[in-house]
Amino acid sequence: MTYDIILLLLISGIVVGIINTLAGGGSVITMTVFMVLGLPITVANGTNRIAVVMQNLAATVTFIRKRMLDLKSGLLLAVPVIIGNIGGSFLATHINDTIFRICFGVVLFVILLYMIFDNHKKFHPAQSMKIKPMHYFWFLLIGFYGGYIYIGLGYLILAISLWSMKLDIVTANVLKGIVLCVAMPFSMAVFMINGHVDYWFGLIHGAGNMIGAWLASHYFVHWGGRFIKVFTTIIIVICFADLVGIISLQTIFSSMLTVCW
């Protein structure tokens, strides 16, 4: 563990923390960094959970202090995610790439349309959430996927929060943070038990994630729903372009890291 690797992990962690707190998809960067630095994909997948937990803990604490979070609803929805997380983590070895790309691409495309055409919801601090039985089912499936492979999980939570629960984009992001903060440690524990975690990489990158999450939840989130909508839309467009083959984020990040490192 050299100083340049530590610096790379911290800087990339800050960027990922900001992206994941305001939108999602930052784990593509995390997984690329870990694998370029030599971690096997299964270990990179498990190590990523440390950063996820640390980043969402930092964001959630800030949201609670600023009274931006309906804590009770967040904890209730975290229960089915925990159950799904544990089940998915036990199967987290490989995922069919074609199926993943199709499903993830559909989710990104629909959310992108929502971001472009919906202009009615305004941000209301600690907005009350109406939880229906079907929401528990959806979050159970989300939890299973999150335990299997975390990439894109934030967008699935946003999808259910925006379409089915009718939340605004800011509140949906706040809910995403508390759910992942509570549920992800259970998934992380499964990877730890199976020896698929590099603690130094995870903790250093996680420290950067916490800084990024704190910046996003303390400053950027107060730039308003319009800023978050534009930011999220840009990230979605980039991720969608990667999925359909217009660009390759992994190749871009790998090339940048190889040159810099």
Side-chain angles (χ1 to χ4, degrees), residues 13 15-31 45-64 68-89 92 104 107 111 129 131 135-136 138-162 165 167 169-192 197 202-203 205-217 221 228 232 235 239:
V15 173
V16 170
I18 293 173
I19 292 175
N20 279 346
T21 301
L22 295 181
S27 289
V28 173
I29 299 176
T30 300
M31 293 287 286
N45 192 12
T47 304
N48 180 41
R49 313 304 166 110
I50 296 179
V52 171
V53 171
M54 295 174 69
Q55 136 199 327
N56 285 290
L57 176 61
T60 298
V61 169
T62 302
F63 289 142
I64 291 176
M68 298 172 64
L69 176 66
D70 182 353
L71 185 58
K72 180 180 179 180
S73 297
L75 293 176
L76 286 174
L77 290 173
V79 174
V81 178
I82 291 172
I83 297 173
N85 252 215
I86 295 174
S89 296
F104 190 30
V107 170
I111 293 182
M129 304 176 195
I131 303 177
H135 295 147
Y136 291 107
W138 284 118
F139 274 80
L140 176 65
L141 295 181
I142 287 173
F144 184 85
Y145 170 80
Y148 200 37
I149 181 169
Y150 178 78
I151 296 176
L153 178 61
Y155 287 120
L156 294 179
I157 296 178
L158 286 180
I160 300 301
S161 302
L162 294 171
M165 300 181 71
L167 301 180
I169 184 64
V170 177
T171 305
N173 271 290
V174 173
L175 173 63
K176 178 187 70 178
I178 179 62
V179 168
L180 294 180
C181 178
V182 175
M184 197 54 63
F186 293 88
S187 172
M188 181 175 66
V190 175
F191 283 91
M192 288 179 172
V197 172
L203 290 173
H205 189 73
N209 271 235
M210 292 186 76
I211 296 172
W214 182 84
L215 289 172
S217 58
V221 76
I228 293 182
T232 305
I235 299 300
C239 290

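When a residue number appears, it is its place in the shown sequence, counting from 1.
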Practice prompt. Mind running side chain to side chain contact (heavy atoms under 4.5 Å, CB included) on Thr30 and His205 for me, showing each step along the way?
Written response: CA-CA 8 Å; Thr30 300; His205 189 73; 3.1 Å; yes
To check you understand the geometry: which heavy-atom pair defines the closest contact between [X] and [Y], and what is its length?
{"X": "Gly212", "Y": "Ile18", "answer": "O-CG1, 3.3 Å"}
{"X": "Leu156", "Y": "Ile142", "answer": "O-CD1, 3.7 Å"}
{"X": "Gln55", "Y": "Ala213", "answer": "O-CB, 3.1 Å"}
{"X": "Ser187", "Y": "Arg49", "answer": "OG-NH1, 2.7 Å"}
{"X": "Gly87", "Y": "Phe144", "answer": "C-CE1, 3.7 Å"}
{"X": "Cys181", "Y": "Thr60", "answer": "CB-OG1, 3.7 Å"}

Discussion item. Go through it in stages, so that I can follow the logic: the residues are Leu75 and Val79, the test is side chain to side chain contact (heavy atoms under 4.5 Å, CB included), and I'd like the CA-CA distance, side-chain angles, deciding distance and then a yes or no.
Written reply: CA-CA 7 Å; Leu75 293 176; Val79 174; over 6 Å; no
Side-chain heavy-atom pair [X], [Y] within 4.5 angstrom cut-off:
{"X": "Trp214", "Y": "Thr21", "result": "no"}
{"X": "Asn85", "Y": "Met188", "result": "no"}
{"X": "Leu77", "Y": "Met165", "result": "yes"}

Fill in: Neighbour count >12 (heavy atoms, 6.0 Å) for atom CH2, Trp138
no
Interatomic distance, [X] atom [atom1] to [Y] atom [atom2] [nearest 0.5 angstrom]:
{"X": "Asn209", "Y": "Leu203", "atom1": "CG", "atom2": "CG", "result": "11.5 Å"}
{"X": "Ser73", "Y": "Ile131", "atom1": "OG", "atom2": "CD1", "result": "4.0 Å"}
{"X": "Phe186", "Y": "Ile86", "atom1": "CZ", "atom2": "CD1", "result": "6.0 Å"}
{"X": "Thr171", "Y": "Leu162", "atom1": "OG1", "atom2": "CG", "result": "10.0 Å"}

Worksheet item: For the side-chain contact (heavy atoms from CB on, under 4.5 Å) test, which of Asn173, Val81, Leu180 pairs with Ile157?
Response: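 Of the listed options, the one satisfying the test is Leu180.
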Practice prompt. Determine, step by step, whether Leu76 and Tyr136 satisfy the side chain to side chain contact (heavy atoms under 4.5 Å, CB included) criterion, reporting the C-alpha distance in whole Å, the side-chain angles of both residues, the deciding distance to 0.1 Å, and the verdict.
Written response: CA-CA 9 Å; Leu76 286 174; Tyr136 291 107; 3.9 Å; yes
Item to complete: Determine yes or no for a side-chain-to-main-chain donor-acceptor pair under 3.5 angstrom, with Lys176 supplying the side chain and Asn20 the backbone.
Response: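 Yes, because the side chain of Lys176 sits within donor-acceptor range (under 3.5 Å) of the backbone of Asn20.
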Item to complete: Under the side chain to side chain contact (heavy atoms under 4.5 Å, CB included) rule, what do Ile178 and Phe63 come out as? Steps first, then yes or no, please.
Response: CA-CA 9 Å; Ile178 179 62; Phe63 289 142; over 6 Å; no
